[in-house]
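These notes concern the structure reproduced below.
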Amino acid sequence: DVKVTQSSRYLVKRTGEKVFLECVQDMDHENMFWYRQDPGLGLRLIYFSYDVKMKEKGDIPEGYSVSREKKERFSLILESASTNQTSMYLCASSFPGDPRTGELFFGEGSRLTVL
Amino acid sequence: GESVGLHLPTLSVQEGDNSIINCAYSNSASDYFIWYKQESGKGPQFIIDIRSNMDKRQGQRVTVLLNKTVKHLSLQIAATQPGDSAVYFCAEIQGGYQKVTFGTGTKLQVIP
């Protein structure tokens, strides 16, 4: 069974705090993604990575950074959390060359509240 | 002041009836489409996909229809069951590198 694990299901942080969201996949996938999900806005891509130490900005990278030191792990970092970063964060992975070309495997999500 | 949240469109269906969920996509260059199902408290899960050179694809109890003329995608669920209650959203994929755009989703409520 494919597995994408997000370390924290629920977090509450204060404005200005540094926040780490961790994601680990056990499928040997090259591609990993961080999305945020907000009501009425759907999923929006923050950052993605297609190889170790590689990262690409998505549609809404401002206020976020990422780290991919190992193939299986992709971390999302909020350097200084703000209230408008309160959201559900979803990590996903995929394998390039998958004949279905595009299926994403998602984690369960991390709900972050910034006070 | 009070804030008003954005609400998902909701489709309520009697158990055993068929459900049709619609999605309008934005880019005529999109060449691959996926429907995802997201149950409460869980991440999205793949249901069915379709390539742009097809207009229909069937799975187990689900059918996806693609109308490229009007950039419209639909998901049909036969004999809807309580376990089908979830948010469903479409995704369109363009080009070679996993450029994925997600729809905002439709909430399906199955009435027992």
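Heavy atoms only: backbone and side chains are in, while hydrogens, waters and symmetry mates are out. Letters A, B, ... are given to chains in the order of the sequence lines, protein chains preceding strands, and every chain is numbered from 1.
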Item to complete: Let me know if A:R9 has heavy atoms under 4.5 Å from chain B in its side chain, its backbone, both or neither.
Response: side chain

Discussion item. Report which part of A:Q37 has an atom under 4.5 Å of a heavy atom belonging to chain B: side chain, backbone, both, or neither.
Written reply: side chain

Worksheet item: Given that the side chain runs from C-beta out, which part of A:L43 has a heavy atom under 4.5 Å from chain B: side chain, backbone, both or neither?
Response: both

Worksheet item: Side chain, backbone, both or neither: which part of B:Q45 has an atom under 4.5 Å from a heavy atom of chain A?
Response: neither

Discussion item. Report which part of A:D38 has an atom under 4.5 Å of a heavy atom belonging to chain B: side chain, backbone, both, or neither.
Written reply: neither

Discussion item. Under a plain distance cut-off of 3.5 Å, with no hydrogens placed, do A:Q6 and A:S110 share a side-chain donor-acceptor pair?
Written reply: yes

Discussion item. Under a 3.5 Å cutoff, is there a donor and acceptor pairing between the side chains of A:Y47 and A:Y35?
Written reply: no

Worksheet item: Do A:S67 and A:S75 get their side chains close enough for a donor-acceptor pair, meaning under 3.5 Å?
Response: no

Worksheet item: Hey, are A:T5 and A:Q25 close enough side-chain-wise for a donor-acceptor pair under 3.5 Å?
Response: no

Worksheet item: In this structure, which one of B:F33, B:F89, B:Y32 forms a ring pair (Phe, Tyr, Trp, His ring centres under 6.0 Å) with B:Y25?
Response: B:F33

